[in-house]
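Bear in mind that the values here come from a model prediction, so they are computed numbers and not experimental data. Every chain is numbered from 1, with letters handed out A, B, ... down the list of sequences.
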Protein chains: 2
Amino acid sequence: MKQIFVCRESALMPRWREAFPDARCVDESFALEMASAEVQAWVVIQGDTWPVLVRQLAQQGAQQGAIVSVLSYAPDSREATQALEAGARGYAHALSPPELLSQMALVTAHQGIWVGPELMAQVVGGAYRALGGEERLREEMLDRLTQRERAVAVAVAEGNSNKAVARLLGITERTVKAHLGAVFRKLEVRDRMQLVLKLSHQEQSVT
Amino acid sequence: MKQIFVCRESALMPRWREAFPDARCVDESFALEMASAEVQAWVVIQGDTWPVLVRQLAQQGAQQGAIVSVLSYAPDSREATQALEAGARGYAHALSPPELLSQMALVTAHQGIWVGPELMAQVVGGAYRALGGEERLREEMLDRLTQRERAVAVAVAEGNSNKAVARLLGITERTVKAHLGAVFRKLEVRDRMQLVLKLSHQEQSVT
DNA sequence: CCCGGTATTGGACCGAAGGACAGGTAACAG
DNA sequence: CTGTTACCTGTCCTTCGGTCCAATACCGGG
């Protein structure tokens with residue numbers, strides 16, 4: 001398995017050499033020429049055209065292209081998904097220690113995906129929500145409430161004021177407050193803000 | 001690295017034994033007892049409570065739990081994301097060949113994710129839409145604001161009170177209100193509720 | 001029949017939120 | 001120099017949100 005880094009010679013980090021002593025450093029066009037299933041390519045992010053390169057490297061022609069991993073100096077979940085979506089099998093910080101790079105190489109060479117636990121959580125979380133998984137969590141929350149409380153909670157979570165909810169349900173604003181109080185206790189939130197955040201997606205930051 | 005299959009003895013497939021001759025077959029409660037970082041657990045999907053089991057196995061107490069892989073007789077992308085979201089590191093067809101299972105074990109043991117190319121494409125696709133699509137809209141909103149307004153807006157959208165935002169940014173609560181007022185005008189929302197809904201996802205119901 | 005949960009409402013109280021009005025500085029374009 | 005814009009602060013004032021302490025009524029299980 002040949003290792004090649006796609007970047008300028010000057011941008012090559014010593015730790016990469018450390019991880020793969022036999023690695024070569026090539027430019028984009030040359031990388032495309034030698035892309036094959038026997039090659040592991042490491043693309044260092046610069047500019048915004050890297051997804052194109054990754055895509056080309058990963059699916060050379062009809063069959064299996066190179067095994068592509070993306071290295072970023074400022075990793076984030078959006079970039080990670082973008083990389084995976086383009087066909088990369090690995091995504092990590094460009095300054096990751098050599099041992100980690102070796103591990104990535106091992107994993108990706110065996111049809112695995114390597115992304116790093118915290119980023120993976122976000123990537124998967126995104127997919128989970130996108131595929132309707134969040135509905136289940138939402139239901140799980142809501143079924144701990146009574147009918148009325150549920151109705152109030154949903155209405156509030158849609159951005160309605162207490163008064164508006166009262167009109168909607170044909171009850172007093174006072175009663176809305178009572179139900180809402182119960183909802184707060186049961187779902188363990190402080191106020192309607194936290195409720196909205198809890199019911200929409202799970203990423204509230206406790207102050 | 002110990003291999004354990006979580007299923008009834010009768011449900012154990014010969015090919016699993018082939019892949020891991022030393023594997024044990026245990027029930028759920030026993031699996032939970034012996035879950036640790038040195039254990040690789042294979043959960044065979046049956047019923048609809050498996051995500052709970054996976055979650056418990058994967059994050060045993062505070063630290064690292066077992067390495068969990070999920071085997072399904074009817075794999076699909078929703079189930080795959082659900083598995084990953086629950087903390088599983090692998091997801092494959094229950095009738096996968098022994099070599100593939102070994103490969104999965106290798107990959108997952110090294111912090112990798114193994115899902116299978118075609119399913120991975122769908123999972124990532126979902127994440128891409130979820131993270132990419134919404135982010136763009138969100139950015140579009142925010143770049144109509146000044147630096148300070150943006151900072152206030154996101155802080156509020158995370159559920160912070162005016163006072164908390166003031167502390168966070170090192171300014172007066174009054175100033176927070178001023179910026180927030182500007183944000184409301186520019187984004188055409190009535191209050192912080194609508195702001196949260198507008199910035200988190202696009203589904204506010206105008207009353 | 002009593003107890004507990006649900007649904008409803010009342011009043012009072014206090015803090016948070018948001019608007020109105022009025023200032024201040026600093027930077028920058030015309 | 002003047003007008004504009006971002007940024008920061010202040011004082012009122014009103015409304016909204018949330019909690020505490022009540023009360024009444026229904027309904028089902030022990």
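Considering only residues two or more places apart in sequence or on other chains, Lys163(A) meets the side chain to side chain donor-acceptor pair (under 3.5 Å) condition with none of them. For the ring-ring contact (aromatic ring centres under 6.0 Å, His included) test, residues two or more places apart in sequence or in another chain that qualify with Phe5(B) are Trp16(B), Trp42(B). Qualifying side chain to side chain donor-acceptor pair (under 3.5 Å) partners for Ser96(A), counting only residues two or more places apart in sequence or in other chains: none. Applying the side chain to side chain donor-acceptor pair (under 3.5 Å) test to Arg89(A) and every residue at least two apart in sequence or in another chain returns nothing. A search for ring-ring contact (aromatic ring centres under 6.0 Å, His included) contacts involving Trp50(A) returns nothing, not counting sequence neighbours. Judged as a side chain to side chain donor-acceptor pair (under 3.5 Å), and not counting sequence neighbours, the contacts of Arg8(B) are Gln46(B). Under the rule for a side-chain contact (heavy atoms from CB on, under 4.5 Å), the partners of Glu99(A) that lie at least two apart in sequence or sit in another chain are Pro97(A).
Atom CD in Gln147(B) sits roughly 18 Å away from atom P in dT5(D) (whole-Å rounding). Whole-Å rounding puts the His179(A) NE2 to dG5(C) P distance at 16 Å. Counting to the nearest Å, the P atom of dT6(C) and the CG atom of Leu145(A) are 10 Å from each other. One can place CG of Leu169(B) at 17 Å from P of dA6(D), the figure rounded to the nearest angstrom. Atoms CD (Glu149(B)) and P (dG18(C)) sit 15 Å apart, rounded to a whole Å.
Of the N and O atoms on the side chains of Arg192(A) and Asn162(A), at least one donor lies less than 3.5 Å from an acceptor on the other residue.
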*Protein-to-nucleotide contact annotation, 5' to 3' order, nucleotides 12-30 of chain D [B base; S sugar-phosphate only; - none; under 4.0 Å, heavy atom]*: ----SBBBBB---------
*Can you give one letter per nucleotide of nucleotides 23-30 of chain C, going 5' to 3': B for a protein heavy atom under 4.0 Å from the base, S for sugar-phosphate only, - for none?*
--------
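Sorted by first and then second residue, the side-chain hydrogen bond (donor to acceptor under 3.5 Å, both in side chains) pairs involving residues 102-117 of chain A (not counting sequence neighbours) are Gln40(A)-Thr108(A).
One finds a side-chain N or O of Thr146(A) lying less than 4.0 angstrom from the OP1 or OP2 phosphate oxygen of dA7(C).
Between the side chain of Lys198(B) and the backbone N or O of Val189(B) there is no donor-acceptor pair closer than 3.5 Å.
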Return a table of donor-acceptor pairs under 3.5 angstrom between the side chains of residues 170-180 of chain A and protein atoms on other chains or two or more places apart.
none

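Two end axes, each from the C1' atoms of five base pairs, can be drawn for the helix from dC1(C)-dG30(D) to dG30(C)-dC1(D); they diverge by 30°, to 10 degrees.
Nucleic acid contact for Thr175(A): base, since at least one base atom lies under 4.0 Å from a heavy atom of the residue.
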